[in-house]
Amino acid sequence: MAVKVLQSIHVPHRKNTEEMAPVRFDSVKTVIIPMAMHIGAPAKPVVKPGDSVKVGTLIGEAGGFVSAPIHSSVSGTVKKIDDILLSSGSTCPAVVIESDGNMTPDESIKAPEITDFDSFINAVRASGAVGLGGAGFPTAVKLKVDPERVEYILINGAECEPYITSDTHTMVDNPDRMYTALAMLKRFYPKAHIIIGIENNKKKAISVMRRYSDNVENCDVCALPASYPQGGEKVLIYNTTGRIVPEGKLPIDAGCIVLNATTLSFIGKYLMTGIPLVTKCVTVDGSAVKNPQNVIARIGTPAKDIVEFLGGFKEEPKKALYGGPMMGISMPDLEQPVLKNTNAMLFFDEKGCRVPEPSACIRCGSCIDACPMNLMPTELEHARVNHDIERLKALKINLCMECGSCSFVCPAKRNLVESHKLAKLYLREASAK
Ligand code: SF4
Ligand code: SF4
């Protein structure tokens with residue numbers, strides 16, 4: 001199928017774990033499960049210290065329409081409910097559970113009965129599904145739209161960030177789950193053209209998905225150029241359908257729903273088994289890690305436990321990230337747990353995370369050429385330094401997806417993306433006033 005391509009850049013792939021089968025880590029002693037692992041209202045804890053829980057027991061109910069329920073990832077005893085510092089800098093309550101090591105499933109777990117569209121949406125909501133590629137938007141909210149409006153369902157299997165291979169493994173290792181979910185989407189959004197977008201350097205994933213998609217009507221696999229940020233939502237929509245999401249609107253306003261490949265796979269698994277979202281495949285890599293690997297970990301497992309399980313660090317990490325090096329967020333400490341939307345945990349030694357000193361802008365325009373949203377990063381930085389809110393609005397800072405391409409290509413090593421994040425903060429403060 002024809003592929004249109006927005007501006008993109010080439011980043012080193014460093015997919016060290018691509019050929020390694022994921023390993024399971026179940027012997028965690030204590031899990032820390034934050035009630036805010038999604039966009040929207042945090043979940044409200046429904047357990048208290050001393051309660052016994054099993055795998056899949058509801059421990060947090062959705063805190064509103066845009067929210068998601070949260071389930072225990074181990075069997076054991078609730079130790080406490082304590083505030084945890086999140087990588088965003090905010091805090092939220094977290095349920096701390098000591099595992100009994102048995103991983104006993106909750107008796108209530110059973111595959112949902114899907115009879116109509118509403119029961120499908122209710123099942124997705126009850127599963128605890130959120131965007132597992134990083135965004136964390138509650139999936140039931142995304143899917144609860146008039147099916148007549150849905151012209152395309154795009155499955156995002158691009159996985160364009162360096163190091164991360166967890167989506168690719170999900171597609172290759174569990175195609176039956178993907179197929180179950182695709183068939184269900186076809187049932188409830190019959191008019192939609194389903195497109196599975198995968199970068200063309202992931203040949204195995206493309207071939208497996210093609211084999212399965214052939215059995216789903218109006219479903220294609222689109223081999224996309226291996227460039228960054230191919231997996232950005234708006235980029236994927238444009239590159240596969242040629243459509244542009246109107247400013248300030250959602251993908252559905254362009255007739256599209258975008259689901260991450262791992263989210264789709266999880267929905268398939270839930271429809272088959274009724275097991276809610278309690279584990280996650282996480283790529284663990286980076287220059288400080290002795291044995292990089294994909295780990296299927298219990299949600300709430302502390303980062304340090306996973307690395308220890310893999311054999312520890314080569315040397316003390318100086319930087320730990322949730323997600324990839326382009327868009328990842330720093331972890332405040334190694335106690336930070338696996339979240340629903342954690343696709344990678346990367347750890348870098350001093351050399352691996354050294355940030356070069358920025359020098360003056362030489363007005364080369366490389367950042368402008370690299371921006372997939374056609375923004376002017378250097379002008380945005382100038383407006384931010386001058387606190388010029390009107391200019392920031394005119395330059396459309398709101399369209400910046402914080403992909404980091406501008407920073408990556410800048411020969412003067414200016415930290416443009418950091419500047420854009422600050423600029424958005426200024427704008428939010430100004431609108432609040
Ligand atoms: S971070 Fe923003 S300004 Fe920079 S390239 Fe990405 S979208 Fe453009
Ligand atoms: S890439 Fe860097 S040096 Fe070149 S115009 Fe942009 S900010 Fe200036």
Side-chain angles (χ1 to χ4, degrees), residues 4-13 87-88 131 133-135 137 156 158-164 197 199 224-240 243-251 254 258 321-330 354-428:
K4 303 188 180 194
V5 184
L6 286 174
Q7 282 99 318
S8 58
I9 59 169
H10 289 282
V11 293
H13 291 136
S87 48
S88 62
F137 191 79
N156 190 349
E159 203 154 55
C160 55
E161 275 263 12
Y163 293 98
I164 311 178
E199 283 189 332
L224 298 159
S227 58
Y228 182 85
Q230 197 61 259
E233 192 170 70
K234 287 176 182 162
V235 177
L236 186 77
I237 291 173
Y238 183 80
N239 288 357
T240 52
R243 294 192 173 188
I244 295 172
V245 179
E247 188 181 339
K249 300 283 184 184
L250 296 168
V258 183
L321 289 180
Y322 274 125
M326 297 299 288
M327 290 189 76
I329 302 175
S330 286
R354 203 173 289 146
V355 180
E357 275 301 307
S359 54
C361 169
I362 56 170
R363 305 196 71 75
C364 64
S366 301
C367 54
I368 299 171
D369 288 345
C371 179
M373 302 308 288
N374 285 324
L375 302 178
M376 292 196 285
T378 179
E379 293 298 315
L380 284 168
E381 189 193 30
H382 196 62
R384 194 270 305 165
V385 170
N386 291 317
H387 239 95
D388 189 341
I389 300 291
E390 289 314 311
R391 180 89 177 124
L392 284 171
K393 281 187 195 163
L395 290 166
K396 304 282 183 200
I397 183 71
N398 56 315
L399 293 181
C400 171
M401 51 192 261
E402 301 172 14
C403 67
S405 296
C406 49
S407 301
F408 184 83
V409 298
C410 177
K413 306 295 173 204
R414 302 201 64 76
N415 197 345
L416 298 165
V417 70
E418 205 59 45
S419 170
H420 307 332
K421 287 180 186 174
L422 266 178
K424 286 184 182 178
L425 203 66
Y426 292 167
L427 218 59
R428 274 203 294 276

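Indexing begins at 1, ligand by ligand and atom by atom, following the structure's order.
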CA sep, side-chain torsions, deciding dist, call: Leu375, Cys400, side-chain contact (heavy atoms from CB on, under 4.5 Å)
CA-CA 7 Å; Leu375 302 178; Cys400 171; 3.8 Å; yes
Just to check, does Gly404 reach to within less than 4.0 Å of ligand 1 when the distance is taken from its heavy atoms?
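Contact check Gly404 vs ligand 1: positive.
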Numbering the atoms of ligand 2 from 1, which are under 4.0 Å from a heavy atom of [X]?
| X | answer |
| --- | --- |
| Cys410 | 1 (S), 2 (Fe), 3 (S), 7 (S) |
| Pro411 | 1 (S) |
| Cys361 | 3 (S), 5 (S), 7 (S), 8 (Fe) |

So is Ile362 in contact with ligand 2, going by heavy-atom distances below 4.0 Å?
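Contact present.
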Is the shortest distance from a heavy atom of Pro377 to ligand 2 less than 4.0 Å?
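Distance cut 4.0 Å: Pro377 fails for ligand 2.
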So which protein heavy atom does [atom] come closest to, and at what separation?
| atom | answer |
| --- | --- |
| atom 4 (Fe) of ligand 1 | Cys406 SG, 2.3 Å |
| atom 6 (Fe) of ligand 1 | Cys403 SG, 2.4 Å |
| atom 2 (Fe) of ligand 1 | Cys400 SG, 2.4 Å |
| atom 7 (S) of ligand 1 | Met401 N, 3.5 Å |
| atom 8 (Fe) of ligand 1 | Cys371 SG, 2.4 Å |

Go through the side-chain N and O atoms of Glu233 and Asn156 and say whether any donor and acceptor fall under 3.5 Å apart.
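No pair is found: no donor N or O on one side chain lies under 3.5 Å from an acceptor on the other.
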Sub-4.0 Å atoms of ligand 1 with respect to non-hydrogen atoms of His420:
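Selected atoms, number and element: 1 (S), 2 (Fe), 3 (S), 4 (Fe).
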Glu379 vs Arg391, test: side-chain contact (heavy atoms from CB on, under 4.5 Å). Steps then yes/no.
CA-CA 9 Å; Glu379 293 298 315; Arg391 180 89 177 124; 3.4 Å; yes
